Student: 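Dumping the structure here so I can ask a few things about it.
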Amino acid sequence: MYRLATRNVVVSFPRWCSLALLRRSPARSFGAFRPSLTLPYRSRRLEQICCFKNHKVLRASSKTTKKSKASNDALNDKDLSHLLWWKERLEMCRKPSTVQLVKRLTYSNLLGLDVNLKNGSLKEGTLNWEMLQFKSRFPREVLLCRVGDFYEAIGIDACILVEYAGLNPFGGLRSESIPRAGCPVINLRQTLDDLTRNGYSVCIVEEVQGPTQARTRKSRFISGHAHPGSPYVFGLVGVDHDLDFPEPMPVVGISRSASGYCINLVLETMKTYSSEDGLTEEAIVAKLRTCRCHHLFLHASLRNNSSGTCRWGEFGEGGLLWGECSARQFEWFEGNPVNDLLLKVKELYGLDDEVTFRNVTVSSENRPQPLTLGTATQIGAIPTDGIPCLLKVLLPSNCSGLPVLYIRDLLLNPPAYEIASAIQGEL
DNA sequence: GACAGCGTTTGTCTGT
DNA sequence: ACAGACAAGCGCTGTC
């Protein structure tokens, strides 16, 4: 018995390692992304890792331990950062059924599958293994895999589906199987809307249509992605049905420069980016509050305040921006505020390094400064309790959608005088 | 190896 | 009118 346990300790080390590292994650952390977990750091945690008791692993047979090892071989530092990212999101799940499902996860592979549970096999050639390959290509997207008349998700993705798409777990909560959930093909649009509305990107895997040889699985391929502000199109647009394209949601990066605060907006769908520098803290908070962003990245330069404490938000400076950001999900990034943000976007959307983004920054010469938060609030350009909404007064009651956003954007970011005159002339 | 059973959602059918 | 069974396609599991 002792020999078996000892053997499990050695063989299962990678799994324990990842689990122990994940357990160090604080209960509440604003920066979802952490720099790579370095090897020296791993060494320092070795003692804790070896003392970490996982009775489930100790109970496992040598056969299942072998399965665990197989699923861990490919787990690297980057995968760990992705798993940390998912773990933080899963900790926010509140539905009782989701909470129960999350307990069945192990963070030893990108899908969070416990290979010791029923249907948890990651053996090469199985559907789970194939889904893991797809997941590793887009680790921060929810993976929906077409299986017959359903789109199915397993592990972490199934938990997200249950929490945000209102689906029921496969086999209910009594099942001793891995978390699984799915929606019928006809409900894909609704499910994608639910996920993207909650800020998640989705990777959709289709199966090749047509007959297959007996006792062989269908071939599958990634047919597309759905992002917040960028709908999934493949197979959803019919001859008699128009797809409603929402306003694109940018990835936003905020940094500090010698001339003030800087905001960089990247639109993946358009492959464009724009930068605005020299903003006051109030102006950048106003921009943040009026911009629905897909992902928010904060540059390390924000942490180096003039007090020299490296504690952002302390002693007032940056406090307003900190208050705005701390209520949101964000990640820290370092390096060049533009180039490294673009790298993050490529990583996020699974784009090749060769993909280029066009700079569409509009020159701020001869252009009025954008409204500060205080002004925008007082005139009712930003919805505020007790202050009438200016846009509702200016525009007809039946006016909604893009026109409202356009006018609001004009108010918050006044164009150059000649452009403003031209717009006035047209009206 | 062959085969039955199971299962996400939802519309349809059947029985009470 | 209502409740329950069933089907859809696929892959996995368990049994023989």
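Sequence lines set the chain letters: A, B, ... in the order given, protein chains first and strands last, and positions in each chain run from 1. All values reported here derive from a predicted model rather than from experimental measurement.
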Student: A/K123 NZ to C/dT13 C1': how many Å, rounded?
Tutor: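 Rounded to whole Å, this separation is 13 Å.
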Student: Would you say a side-chain N or O of A/K218 is under 4.0 Å from OP1 or OP2 of C/dC10?
Tutor: yes
Student: What is the distance, to the nearest angstrom, from the OH atom on A/Y151 to the C1' atom on C/dG11?
Tutor: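 From A/Y151 OH to C/dG11 C1': 17 Å.
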Student: If I pick the P atom on B/dG5 and the same atom on C/dA5, what distance separates them, to the nearest angstrom?
Tutor: 16 Å
Student: Are there more than 12 heavy atoms of other residues, nucleotides or ligands under 6.0 Å from atom NZ of A/K392?
Tutor: no
Student: In whole angstroms, how far is the P atom of C/dT13 from the CZ atom of A/F170?
Tutor: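 That distance rounds to 12 Å.
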Student: Starting from P on C/dT13, measure out to CD on A/E176 and report it in whole angstrom.
Tutor: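 Rounded to the whole Å, the gap is 14 Å.
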Student: Taking only the side-chain nitrogens and oxygens of A/R146, find out if one of them lies under 4.0 Å from OP1 or OP2 of C/dG11.
Tutor: no
Student: Mind calculating the distance between CZ (A/R180) and P (B/dC6) to the nearest angstrom?
Tutor: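 Computing the A/R180:CZ to B/dC6:P distance gives 14 Å.
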Student: Would you confirm whether A/R408, through its side chain, and A/T290, through its main-chain N or O, come within 3.5 Å as a donor-acceptor pair?
Tutor: yes
Student: Could you give the CG-to-C1' distance, from A/L117 to C/dT13, as a whole number of Å?
Tutor: 14 Å
Student: Of the candidate nucleotides C/dT13, B/dT9, C/dG11, which contains the atom at the shortest distance from the side chain of A/R217?
Tutor: C/dG11
Student: Could you check how far CD1 of A/I154 sits from P of C/dC10, rounded to whole Å?
Tutor: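 These atoms are roughly 18 Å apart.
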Student: Are the aromatic ring centres of A/Y164 and A/Y200 under 6.0 angstrom apart?
Tutor: yes
Student: Mind checking if A/D149 touches a base, just sugar-phosphate, or nothing, with heavy atoms under 4.0 Å?
Tutor: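 Contact class for A/D149: base.
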Student: Nearest to the side chain of A/N187, heavy atoms from C-beta on, is which of B/dT9, C/dG9, B/dT8?
Tutor: B/dT9
Student: A/S177 near the nucleic acid: base, sugar-phosphate alone, or nothing, with a heavy-atom cut-off under 4.0 Å?
Tutor: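 Result for A/S177 = nothing.
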Student: Parallel, tilted or perpendicular: which describes the rings of A/H227 and A/H225, with under 30° parallel and over 60° perpendicular?
Tutor: parallel
Student: A/G172 near the nucleic acid: base, sugar-phosphate alone, or nothing, with a heavy-atom cut-off under 4.0 Å?
Tutor: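 A/G172: backbone/sugar contact only, no base atoms under 4.0 Å.
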Student: Any side-chain N or O of A/N168 below 4.0 angstrom from OP1/OP2 of B/dT9?
Tutor: yes
Student: Step through the shown structure and confirm whether more than 12 heavy atoms of other residues, nucleotides or ligands are within 6.0 Å of NZ on A/K271.
Tutor: yes
Student: Quick one: which of C/dC12, B/dT10, C/dC10 gets closest to the side chain of A/N119?
Tutor: C/dC12
Student: Rounded to whole Å, how long is the line connecting atom CG of A/L167 with atom C1' of B/dT10?
Tutor: 12 Å
